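Here the structure comes first, spelled out in structure tokens, and everything after it is commentary.
Quantities reported herein were computed from a predicted structural model and do not represent experimental measurements. Just so you know, these numbers use all the heavy atoms, side chains as well, and skip hydrogens, waters and symmetry mates. Residue numbers count from 1 along this sequence.
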Amino acid sequence: MRSRQQIRSMQRAFLALRKVILASLLLALLVLLGLNSRVVFDDVASQRIEFVMIEGELQRVTENDVKAAVFNFINRSMVAVDLEQVKAALEGNAWIKNASLRRKWPNTLIVDVTEEVPIARWGDSELLNQDGNIFSPPVLDSRLNLAKLSGPSGSERRVMEQYQVFNQLLYPKNIRIVSLDLNTRGAWTLSLLNEVTLSVGSINPVQRVRRFARIYDSFFAAQIPGIERFDLRYEDGIAVSYKTPATSDALVSM
């Protein structure tokens, strides 16, 4: 019969062998998983962008504009493509205010475009958005029926905000602003759709235009075709200049 010491030795040898077998199996499993992970990684990394899906409502920008901007990135790896570069390429289009992108596996790039909304023209070749920021399309659409704003460099936001205030006061009276100018002395001048000029000046411009709008229907609406200019810079009245030389200018007191 085997002694107790021999039995213990055999048990220790069996345990050691089992540990070796388990370690070998674990090592083999890790190698296998590593190989499979590498295969999966290589498959993902080699997946190319094949389609571009456009989201967002397009008015000024065309699908061809979007696809042309991302053309250089087509067939690049879905993983390796730099979305910030694609975004910059899209936002290089003056009509695109913002672009966001995301990947849709296995092969699609989704582009969401927000367009600029022009509120007014700035000078002869630029446009202003609702934030008072300038953007410059290469060609201005002649069908854009927008007021023309102008002023010293850096005054874009101020002129835009003042235009919106003046428009809120005059639009309910069916008075349309064609242009608004702020000169270097801070004085405002408006041109209206019916070729009438409003000299507003620099002092209390909103109050002066509000006063004009308040009395417009009672004093001026019926005469407007024959009026050339209103001067709102008087403290207690409005001066009226007529197109016909035979008609005397007048000062309407408040």
Side-chain angles (χ1 to χ4, degrees), residues 59-61 91-98 114-216 219-221 224-225 227-243 249 251-252 254:
Q59 298 290 334
R60 307 289 179 184
V61 181
E91 292 177 357
N93 184 315
W95 282 108
I96 296 180
K97 182 177 184 179
N98 181 64
T114 302
E115 291 187 353
E116 291 280 14
V117 178
I119 301 300
R121 296 169 57 191
W122 183 258
D124 295 322
S125 59
E126 297 176 310
L127 297 172
L128 285 176
N129 63 18
Q130 59 190 358
D131 300 319
N133 296 323
I134 291 177
F135 64 103
S136 306
V139 179
L140 287 185
D141 189 340
S142 60
R143 295 171 296 177
L144 285 174
N145 187 23
L146 300 172
K148 179 180 177 180
L149 311 186
S150 58
S153 177
S155 66
E156 297 87 2
R157 185 180 296 273
R158 179 186 177 191
V159 176
M160 167 59 73
E161 291 174 350
Q162 196 71 291
Y163 166 72
Q164 292 174 323
V165 173
F166 287 158
N167 202 45
Q168 289 173 357
L169 294 172
L170 298 176
Y171 194 86
K173 301 295 182 179
N174 200 32
I175 302 173
R176 305 292 182 263
I177 300 173
V178 173
S179 68
L180 172 63
D181 176 69
L182 173 66
N183 67 22
T184 55
R185 299 186 304 277
W188 299 93
T189 302
L190 290 81
S191 294
L192 307 181
L193 185 62
N194 44 20
E195 299 182 348
V196 175
T197 300
L198 266 66
S199 296
V200 182
S202 59
I203 301 172
N204 298 326
V206 175
Q207 289 87 334
R208 289 175 174 178
V209 173
R210 180 180 290 114
R211 180 180 63 183
F212 171 77
R214 188 173 64 247
I215 67 171
Y216 176 79
F219 288 88
F220 306 126
I224 201 68
I227 295 175
E228 181 177 39
R229 179 172 173 265
F230 293 99
D231 191 338
L232 312 187
R233 293 174 294 179
Y234 291 85
E235 184 69 26
D236 300 318
I238 295 174
V240 184
S241 298
Y242 292 88
K243 295 176 182 177
D249 294 348
L251 177 64
V252 178
M254 300 295 102

Which pair of heavy atoms, one from [X] and one from [Y], lies closest together, and at what distance?
X: Gly186; Y: Ser202; result: O-CB, 3.1 Å
X: Gln130; Y: Gln164; result: O-NE2, 4.2 Å
X: Leu180; Y: Val159; result: CD2-O, 3.9 Å
X: Ala94; Y: Ser136; result: CB-O, 3.5 Å

Roughly how far, to the nearest 0.5 Å, is the [atom2] atom of [Y] from the [atom1] atom of [X]?
X: Asp181; Y: Thr197; atom1: CG; atom2: OG1; value: 11.0 Å
X: Met160; Y: Ser155; atom1: CE; atom2: OG; value: 11.5 Å
X: Ile175; Y: Leu192; atom1: CD1; atom2: CG; value: 6.5 Å
X: Leu190; Y: Gln162; atom1: CG; atom2: CD; value: 9.0 Å
X: Gln207; Y: Arg210; atom1: CD; atom2: CZ; value: 6.0 Å
X: Ser150; Y: Glu126; atom1: OG; atom2: CD; value: 12.0 Å

Donor-acceptor pair, side chain of Glu115 and main chain of Arg60, under 3.5 angstrom: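 Looks like yes, one N/O pair under 3.5 Å.
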
Tell me whether Arg208 contacts the main-chain N or O of Val200 through its side chain, where contact means a donor paired with an acceptor under 3.5 Å.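 At least one qualifying donor-acceptor pair exists.
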
Test side-chain contact (heavy atoms from CB on, under 4.5 Å) applied to Ile227 and Asn194, step by step: CA-CA 9 Å; Ile227 295 175; Asn194 44 20; over 6 Å; no

Is there side-chain contact between [X] and [Y], with at least one heavy-atom pair below 4.5 Å?
X: Thr189; Y: Asn183; answer: no
X: Leu127; Y: Pro137; answer: yes
X: Ile203; Y: Arg233; answer: no
X: Phe135; Y: Pro118; answer: yes
X: Arg211; Y: Asn204; answer: no
X: Trp188; Y: Leu198; answer: no
X: Val240; Y: Glu228; answer: no
X: Val178; Y: Lys148; answer: no

Run the side-chain contact (heavy atoms from CB on, under 4.5 Å) check on Ile215 and Ile238 step by step: do they pass? CA-CA 10 Å; Ile215 67 171; Ile238 295 174; 3.7 Å; yes

I'd like to know whether Asn145 forms a side-chain contact (heavy atoms from CB on, under 4.5 Å) with Arg176, so could you lay out the CA-CA distance, the side-chain angles of the two residues, the decisive distance to 0.1 Å, and finally the verdict. CA-CA 11 Å; Asn145 187 23; Arg176 305 292 182 263; over 6 Å; no

May I have the step-by-step check of side-chain contact (heavy atoms from CB on, under 4.5 Å) for Asn133 and Glu156, ending in yes or no? CA-CA 7 Å; Asn133 296 323; Glu156 297 87 2; over 6 Å; no

Checking Thr114, Asp131, Asn129 against Lys97 for side-chain hydrogen bond (donor to acceptor under 3.5 Å, both in side chains), the one that qualifies is Asp131

Going by side chain to side chain contact (heavy atoms under 4.5 Å, CB included), Tyr163 matches just one of Leu149, Leu128, Leu182. Which one? Leu149

Applying the ring-ring contact (aromatic ring centres under 6.0 Å, His included) test to Phe212, which of Phe166, Phe219, Phe230 qualifies?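 That would be Phe230; it is the only one of Phe166, Phe219, Phe230 passing the ring-ring contact (aromatic ring centres under 6.0 Å, His included) with Phe212.
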
